[in-house]
Number of protein chains: 2
Amino acid sequence: MGASISDVAARAGVSVATVSRALRGLPNVAEPTRGRVLSAARELDYVANPNASRLAAGRTMTVGMVVPLLSRWFFTQVVAGAQSVLAAAGYDVLLYDVGGAGARDRFFRRLPFRKRVDGIVIVDLPLTACEQDVLETDGTPVVTVGLTGSRFSNVGIDNVAAARTATRHLLNLRHTSVALLSGQPVGSVRFSAPLQRRRGWQQALAERGIAARDDLEVDGGFSISGGAQAMAQLLALGDPPTAVFSGSDEMALGALKTLADSGVRVPADCSVIGFDDHDVAGFFGLTTMHQPVAQLGEVAASLLFDAIRGGGGGPRPDVVLPTTLRMRSTTGPAPVPAATAGRRAAAIS
Amino acid sequence: MGASISDVAARAGVSVATVSRALRGLPNVAEPTRGRVLSAARELDYVANPNASRLAAGRTMTVGMVVPLLSRWFFTQVVAGAQSVLAAAGYDVLLYDVGGAGARDRFFRRLPFRKRVDGIVIVDLPLTACEQDVLETDGTPVVTVGLTGSRFSNVGIDNVAAARTATRHLLNLRHTSVALLSGQPVGSVRFSAPLQRRRGWQQALAERGIAARDDLEVDGGFSISGGAQAMAQLLALGDPPTAVFSGSDEMALGALKTLADSGVRVPADCSVIGFDDHDVAGFFGLTTMHQPVAQLGEVAASLLFDAIRGGGGGPRPDVVLPTTLRMRSTTGPAPVPAATAGRRAAAIS
DNA sequence: GGCCTTGCCGCAACCGCTTGCAGCGCCTAC
DNA sequence: GTAGGCGCTGCAAGCGGTTGCGGCAAGGCC
């Protein structure tokens, strides 16, 4: 097998302690000595055994990331963002997907990360008070993404404001009937973002004195196919909306497909705005609310560094990152009444 | 912090050695003793420190997975499949994304997984002989996914045969000009699957005595937008193809969008068949070659178990998993010449 | 010249678990 | 009755690093 630290020590003519210090760049090693150690290590092709280091040092140099539904685009992006900065700092990432049935309960019952991570970032999982207690008593530093008002450091966006901006964009285009594609992804987890985006939609409507019609709020399950079905449901209405605010780009893409299949022109007959700025949103020309997904992960990682270093004390920052409206080609002025009538006829045919 | 094994030993009134054996289910522990140990462990909420275990036992209970471009659907699915069976066996997974510039060279130069994994699965990365040497001399067990003819155990599909089947499907529908969307994803890695699928396409054409026209073979870069551009390129031809075999579903989706935007009816005017059976292929009604992605990962994991247990000896199996044609609604009979002419006119207008 | 500081380095005790080996009690066989 | 075997348990030596502490030499100071 590979060389061990004592081999390096022997070759460099120093003690293992000195090798350890030299290799980790600690200050109290004379330069010539460090040089000898480094070249000995290089010649022997030495790499430290991480398990031995972790055991001796008591730090694991590993962080856990728990996500619901790893398969969703948003989560993979956040993970990728965090991973890049963690890796740069020498940390490994352990992934916990809590999406499966019972996986979440099992996770909080077993705390499988104990003794294996220095910290843990929880992505977009609304924690019950009880779950927060469990995590807090365990003592490992926690930071969350997209979970405001918890007892942990957090980074996220202002979903309400972003949804308001999106809806206002449609209202400014003189749309008066603006539908909402929302709901919850299938599975046991309940996310808070959909609710917040719904609130923003309601607020924007209220600002203009428009009542939020119940029949314009449909569940798209945060999936492409769900969005398509939800759009079909909207088109079946006696007076379908002329604009749709979708809580995610995936649902918006599904909606666009239904519209295309039904012969409804976008944006001439119906405007669509999404949320996320998914990779392919640009390709489909989807107007959407951009949120800095990768950056969410990056910030989470650095917050975690602080938490690990800083111990328990200090304030728990709540970082909110900006969102921006990306105007593309799926939103346009509301159709004049005559055109609307024409569209309805086309959709029926 | 959490309890350690000696705490459990004290509480159960036995030695740490017995605790270790009892907790791991080794046979040589009397049942009553085991019971006492188990309840002591439960009461103390004890979990073993994995680093200490790994260090003492010499096994890391971790495997590495190296993938090019984690962001591509295929790879995430393979990883997920492997992860599920590895996790069930108590293994952690360390992910190495070798997509970035220089990342691959760095990976093979540094071998960052040394001393941290018991084995490693390499997904769809054509290894140079030199790289194979490096891995082999390092000694950690390796299994590959989608890499035939290497010195390691492998699991994959028969890309040539699958591509032949896909192309034959189009030929059976009386198409005579069948285009190929192929190419390589952007980045430094060269994959072998595209080449094999191209070969299958050529073979199927040759069977029917049809020459593979150069202008019908376009590069879609294995992305949605690339597929869209490639399709546009095909439509610009004087005599565009009536059928397209796409090397991936992502490219096929892009192609479908271009066709829709150009007013070309699918499959009446142009048939499209994909490859992979991507999550959303069903939603878009895309006819495609299904490959068992998750199963590739699962099989890879169990092959790796064998390799870890079996030491170096024994044969290196090469498992090939079946692919199946999923007929949906984007392929149909070749248009009769008159219809073709009509389409061409429509495309130009 | 004696004393104290300062900078480097080695000693050795861990970190928490695994495992070969030996010990011990008890049963079976002769 | 004694030897041998078997089942269970404990002892203790690691696994390969990290780190507090103490030693030693060189240099500065009075």
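A note on names: the letters A, B, ... follow the listed sequences, proteins ahead of strands, and every chain is numbered from 1.
B/Asn51 and A/Leu55 make their closest contact through CB-N, 4.3 Å (heavy atoms, listed as atom of the first residue, atom of the second, distance). Residues B/Leu127 and B/Arg104 approach most closely at CA-NH2, 4.1 Å, considering heavy atoms. Taking both residues in full, the closest heavy atoms of B/Asp118 and B/Pro141 are given as O-CD, 3.1 Å, listed atom of the first, atom of the second, then distance. Minimum heavy-atom separation, A/Glu298 to A/Gly81: CG-O, 3.5 Å. Between B/Ala9 and B/Val19, the shortest heavy-atom distance links the atoms CA-CG2, 3.5 Å.
Note that the first and last nucleotides of DNA chain D, 5' to 3', having any atom under 4.0 angstrom from a heavy atom of chain B are D/dC8 to D/dG17.
Each end of the helix from C/dG1-D/dC30 to C/dC30-D/dG1 yields a helix axis from five base pairs, and these two axes differ in direction by 50° (to the nearest 10 degrees).
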Give me, pair by pair, the N or O atoms of the protein and of nucleotides 13-15 of chain C that are less than 3.5 Å apart, along with how far apart they are.
{"unit_1": "C/dC15", "atom_1": "O2", "unit_2": "A/Ala56", "atom_2": "N", "d": "3.3"}

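Note: B/Phe305 and B/Tyr91 have tilted aromatic rings, judged against thresholds of 30 and 60 degrees for the angle between ring planes.
As rounded to whole Å, 10 Å separates atom P of C/dC8 from atom CZ of A/Arg34.
Exactly one of B/Leu147, B/Val143, B/Val299 qualifies for a side-chain contact (heavy atoms from CB on, under 4.5 Å) with B/Asn154. That residue is B/Leu147. With A/Ile5 as the fixed residue, the side-chain contact (heavy atoms from CB on, under 4.5 Å) test singles out one of A/Ser20, A/Ser15, A/Ser53: A/Ser20. Checking A/Val121, A/Asp124, A/Val67 one by one against A/Val145, the side-chain contact (heavy atoms from CB on, under 4.5 Å) holds for a single residue, A/Val121.
Note that CG of B/Leu23 is 6.0 Å distant from CG of B/Leu38, once rounded to the nearest 0.5 Å. The distance from atom OG of A/Ser4 to atom NZ of B/Lys115, rounded to the nearest 0.5 Å, is 7.0 Å.
Within residues 15-32 of chain B, the residues approached by DNA chain C to less than 4.0 Å at the level of any non-hydrogen atom are B/Ala17, B/Ser20, B/Arg21, B/Arg24, in residue-number order.
Every residue two or more places apart in sequence or in another chain that forms a side chain to side chain contact (heavy atoms under 4.5 Å, CB included) with A/Val142 is listed here: A/Ile120, A/Ile122, A/Leu135, A/Thr144, A/Phe152.
Counting non-hydrogen atoms under 4.0 angstrom, A/Arg59 reaches the backbone sugars and phosphates but no base.
Sorted by first and then second residue, the pairs that involve residues 54-78 of chain A and meet salt bridge (Lys or Arg N to Asp or Glu O under 4.0 Å), not counting sequence neighbours, are A/Arg54-A/Asp92.
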